[in-house]
Amino acid sequence: MSAQDVGPEDTWYEITDETTAPSPQVLIFPERVTRNIRSAIRSVGGAERLRPHVKTHKSRDVVRLHLDEGISKFKCSTLSEAVMLVDAGASDVLIAYQLVGPNQAMLCDMIRRFPGTGFACLVDNADTVTALEREAQKADVQVTVYIDLDVGMHRTGIVPDDDATELYRRIARSSVLIAGGLHAYDGHIHDSDLSQRRERAAEARLGATRMRDQLLAEGFPVPELVVGGTPTFPCHAAALEDGMSASPGTYPYFDWGYATNFPDLPFVGAAVLLARVISVPAPGRFTVDVGSKAIAADPVQPRGTILNLPEAEAGPQSEEHWVFTVSQENTPGVGEVMYIWPRHICPTIEHYNRVAVVSGDGRISAHWEVTARGRDGIAPT
Ligand SMILES: Cc1ncc(COP(=O)(O)O)c(C=O)c1O
């Protein structure tokens, strides 16, 4: 099944115990999550070629589903996510973020406290490298770092040129830092057309592979080159060489935005919001209990689609209300359940402390904590 098949006719999102399910809440379909994980592994040709980002689900349980499929390397953005990964049993954690200030000491502290887990972080400048060396010396640990390459997103990173190569050499020669490799995230590539996306992803990858090849030719170790997110996943999947990993994040849950923009992706929706109509102010107009505090508010409207009423048009949204319009004859009644597929699932999940897990018979059988929600890392000891 492809993302395209997950249309309104398909009722994968419906649960059988609707009447007792409070709203709004997130429903997760673990079989579909596992299907997405397996699709990702199949696409790259082996679990060792994946380093998934956990920022979408932030869940210990979803990490465990990955571990069950043989994936052991992960990427995260926050120290809370790193702690969650340790707790779930991940052995290799790349904090794909620039750690500065006291957060460097916190990383060193984690390295000391959890010797069974390999940690790494990103750097893109010499000052951060110097500061990290100082912290590592103070804590008497070695810190693995990857150079964050700017391959076109212009968010963080250093352009893969001579300066970047020199920075890598410096790290590789350091007594307290370990050169872990290169990180090339291409979150700026959003072409719907697969051939265009492929072309741009290949171009982004080229700068990184050239730099890696030069360093290898000089005898420096480059253990890993990490590339891409979910949109460019199929573009990189076929081009991964030994020592390269793909790092999609959204794919285990997937969302309406990616399914619509990138119909070639081999993933299916595995997370929806269960909502209810709370008011019908006029025929053809109804309001549901999903405001901007219950669904990601970063995309422009529509911020989601109602899977069981796809013709409904999204209108104004306030913090706890969302108004839709629809034809008079299709206007739902107060209390009716609406299944909303969010356009952007990652910040949607961030609104919830836990998600409901739907078993194969359509019942809510458990809840998963959104373990790494929030920003608390661990305090240095
Ligand atoms: C550094 C980094 N890597 C990977 C990802 C995963 O991207 P996606 O959510 O498109 O799968 C993200 C997403 O924000 C990211 O920032």
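Whatever order the structure lists ligands and atoms in, that order sets their numbers, starting from 1.
- By the salt bridge (Lys or Arg N to Asp or Glu O under 4.0 Å) test, Arg170 pairs with Glu133, sequence neighbours left out.
- Taking the six-membered ring for Trp, Phe267 and Tyr253 have ring centres at least 6.0 Å apart.
- Every residue two or more places apart in sequence or in another chain that forms a ring pair (Phe, Tyr, Trp, His ring centres under 6.0 Å) with Tyr339 is listed here: Tyr13.
- Protein neighbours of ligand 1 below 4.0 Å, counting non-hydrogen atoms: His53, Lys55, Lys75, Arg155, His183, Tyr185, Gly229, Thr230, Pro231, Ser247, Pro248, Gly249, Thr250, Tyr258.
- Within a 6.0 Å radius of CD in Glu31, more than 12 heavy atoms belonging to other residues, nucleotides or ligands are found.
- The list of salt bridge (Lys or Arg N to Asp or Glu O under 4.0 Å) pairs with a residue in residues 321-338, not counting sequence neighbours, is empty.
- Ring pair Phe262/Tyr258 is perpendicular by interplanar angle, where above 60° counts as perpendicular and below 30° as parallel.
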